[in-house]
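Written below as structure tokens is the structure these notes are about.
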Amino acid sequence: MSSNAVRTTRINTRRSNRKLRKRPLMPGVEAAGEAASAEELSLEYVAHPSSPSPLQTSHPYHLRRSSLRVEPTHTCLGSLPRKRQRRFRSAQEEALRGGSSAAYFLQCELPDEVMLNIFSYLLEQDLCRVSQVCKRFNTIANDSELWKTLYQGVFEYDIPLMHCKPCKFEFVQPEESEFENPWKESFKTLYKGLHVRPGYLAKQEANPEQYKGRTIMFFETIEAAFSDSEVMKYPLVFIHKGIYCGEWLIIDTNVQLVGAAPGNVAEHVIIERTSESTIMFVEGAVQAYLGYITLKFCPDVTSSVPHHKHYCLEVAESCAPVVDHCIIRSSSVVGAAVCVSGVGADPVIRFCDVSDCENVGLYVTDYAQGTYEDNEISRNALAGVWVKNHANPIMRRNHIHHGRDVGIFTFENGQGYFEGNDIHNNRIAGFEVKAGANPTVVSCEIHHGQTGGIYVHENGRGQFLENKIHNNSFAGIWVTSNSDPTIRRNEIYDGHQGGVYIFGDGRGLIEYNNIYGNALAGIQIRTNSNPIVRHNKIHHGQHGGIYVEQLNNV
């Protein structure tokens, strides 16, 4: 047959096929054809939890379930079967198809809920390994609930603790985190830490196969973990729930000690001593950290061992630790709960609760410095804060209240910068300056003192700038005994006596203040006092503006 004849035959065959496909079918035949087509499409249908296939058999799982394969049947001999839709598979699926059918079913067909349940039996290292098998495994292995369960089993925290740099730890709510899986991210940054968890090491040794996918080190005591951490650059030690008595902790490295417990962490992790200081930082602890722990110093009053030089927390010279979110309690009737002393002592103490102590709350002395921010200092038997002997701390946003003595006491050449502190309801003055002390007090609120607001005496000095001083039982500011403070741009109001009371050879510069609503005179000057008073606004007092009495040279 010639090539033209062959071509003609092929063309005629194609035309005949087209005509056959265009012929209308009988009603029954047409319905059967449509059913067959639906069955063919359902062969490749992959169900989704929110939209299961209507042709799929009912099943408790709808993830990745395929319909059973059904061979199409045709009720009409004249109808031709439709062309089967082509399915595009990944190279990995094709390889699995050509290999083990079990592997293909495990990776591609097994429901996600089942896979999630299987993965829940893995520990963190095995979970990371299995996430590298394929994209689907990676998605399931990064499930937040999986990592939350693992995380809480190791660290016990209710919410993730983020550790972005040395000496910086912060709890972040999962929904507020910048990370897609904050539990895993926190696990990763904290994983190299050592754990003090009494009884847990024996549990691991009794079931070695159960903890095969975990390389975390556990210790029975804080001292043991601290000794083991000395070779690390920034060692991290987690101290789990419990009461640790008699631990000998003198910190001379950059170790980071962090409490680990559910709920309010610090309330459940307690370190306690009855002699010596509970924790002492010494030279070498330049970037040490102590956080989310309760410290107690409870000396035995019947003991013959002197404890007047020991404290709940002691920071010695040439070190700069960070103390964060700690609860500090001392029942010693001498000394202080926290003592910072010596040249080069420069700690950061923040968000701590120094309350209900039988002595001074915070004592800074002997040229020490430091930054003290956002602390709660209350209900202490003596002053909330002592600053002495050329110490120069920075104190911001602290809440100092309901002390059984003065709020802040600077004396014997103590200095310091005090900004934004709330000082109230102390039994004596809110702020006392004595014996050559020279603090700078800015934007503080000093109010509801049971005696006066600010008391400057015995050659005291100081700069008091832009403070609110109000509702004190006696005068808002007392100046006496050759003292010479600068009182500028303050609001002094609603005192139960006068606004500013200068007597007994008092001096000072009093300018640009707003003094109003006081029960007695806005400014009262008596007994050989000689202040400079200028540019003040004195109004709405119940007993005069400025009152001058007895041999004064104003």
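What's counted below: heavy atoms across the whole structure, side chains too, no hydrogens, waters or symmetry copies. Sequence positions, counted from 1, serve as the residue numbers for this chain.
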- Message: What verdict does the side chain to side chain donor-acceptor pair (under 3.5 Å) test give for N142 and N181, after you've listed the backbone C-alpha separation in whole Å, the side-chain angles of each residue and the deciding distance to 0.1 Å?
- Response: CA-CA 7 Å; N142 281 290; N181 190 342; 4.8 Å; no

- Query: Taking NZ, NE, NH1 and NH2 as the nitrogens, is one of them in E419 or R396 under 4.0 Å from a carboxylate oxygen of the other?
  - Reply: yes

- Query: In this structure, are over 12 heavy atoms from other groups packed under 6.0 Å from E230 atom CD?
  - Reply: yes

- Donor-acceptor pair between N482 and D505 side chains, under 3.5 angstrom: no

- Item | Atom CD of E283: over 12 foreign heavy atoms under 6.0 Å | no

- Hey, can you tell me if Y157 and F171 have their rings parallel, tilted or perpendicular (30° and 60° cut-offs)? perpendicular

- Rounded to the nearest 0.5 Å, how far apart are SG of C326 and CD1 of I293? 6.0 Å

- On the 0 to 90° scale, with breaks at 30° and 60°, tag the H539-Y516 ring pair as parallel, tilted or perpendicular. parallel

- Would you say the side chains of Q463 and T440 form a donor-acceptor pair under 3.5 Å? yes

- Message: Please evaluate residues K468 and E445 with respect to the criterion salt bridge (Lys or Arg N to Asp or Glu O under 4.0 Å), reporting the C-alpha separation (whole Å), side-chain torsions for both, the decisive distance (0.1 Å), and the verdict.
- Response: CA-CA 5 Å; K468 289 185 177 181; E445 188 169 0; over 6 Å; no

- Item | Geometric class of the H163/F169 ring pair [parallel <30°, tilted 30-60°, perpendicular >60°] | parallel

- Query: With under 30° as parallel and over 60° as perpendicular, where do the rings of F218 and H240 fit, or are they tilted in between?
  - Reply: tilted

- Calculate, to the nearest 0.5 Å, the distance between atoms CD1 and OH belonging to I477 and Y501 respectively. 14.5 Å

- Side chains of I271 and I279: does their closest heavy-atom pair fall under 4.5 Å? yes

- Answer with yes or no whether the side chains of T365 and S341 bring together a donor and an acceptor at under 3.5 Å. no

- Item | Between Y493 and N518, a side-chain donor and acceptor under 3.5 Å | no

- So, are R197 and E156 salt-bridged, with charged N and O less than 4.0 Å apart? yes

- Can you tell me how far CZ of F297 sits from SG of C312, rounded to the nearest 0.5 angstrom? 8.0 Å

- Between H535 and E511: side-chain donor-acceptor atoms closer than 3.5 Å: no

- Message: To the closest 0.5 Å, what do you measure between CD (Q173) and CG (D158)?
- Response: 9.5 Å

- Message: Suppose we call two aromatic rings close when their centres sit under 6.0 Å apart. Are H401 and H448 close by that rule?
- Response: no

- Query: How long is the span from the NZ atom in K388 to the OH atom in Y363, to the nearest 0.5 Å?
  - Reply: 3.5 Å

- Message: Strictly below 4.0 Å, N to O, side chains only: are R489 and E466 in salt-bridge contact?
- Response: no

- Criterion side chain to side chain donor-acceptor pair (under 3.5 Å) on E432 and H457, from CA distance to verdict: CA-CA 8 Å; E432 184 176 350; H457 62 115; 2.7 Å; yes

- Kindly state whether the ring of H470 and the ring of H447 have centres lying under 6.0 angstrom apart. yes

- Check: N536 and I510 side chains under 4.5 Å, non-hydrogen atoms: yes

- Message: To the nearest 0.5 Å, what is the distance between CD1 on I159 and OH on Y151?
- Response: 9.0 Å

- Query: What do you reckon, is CG of L509 surrounded by more than 12 foreign heavy atoms closer than 6.0 Å?
  - Reply: yes

- Item | Candidate list V340, I250, L313, test side-chain contact (heavy atoms from CB on, under 4.5 Å), partner F281, passing option | L313

- Are the charged groups of R329 and D353 less than 4.0 angstrom apart, N to O? yes

- Decide if the gap between the ring center of F238 and the ring center of F155 is smaller than 6.0 angstrom. yes

- R350 with D374: basic N within carboxylate O range, under 4.0 Å: no

- Message: With no hydrogens and no angle check, just 3.5 Å: does a side-chain donor-acceptor pair link N375 and N398?
- Response: yes

- Task: For the pair R461 and D484, find out whether any cationic side-chain nitrogen is under 4.0 Å from an anionic carboxylate oxygen.
- Result: no

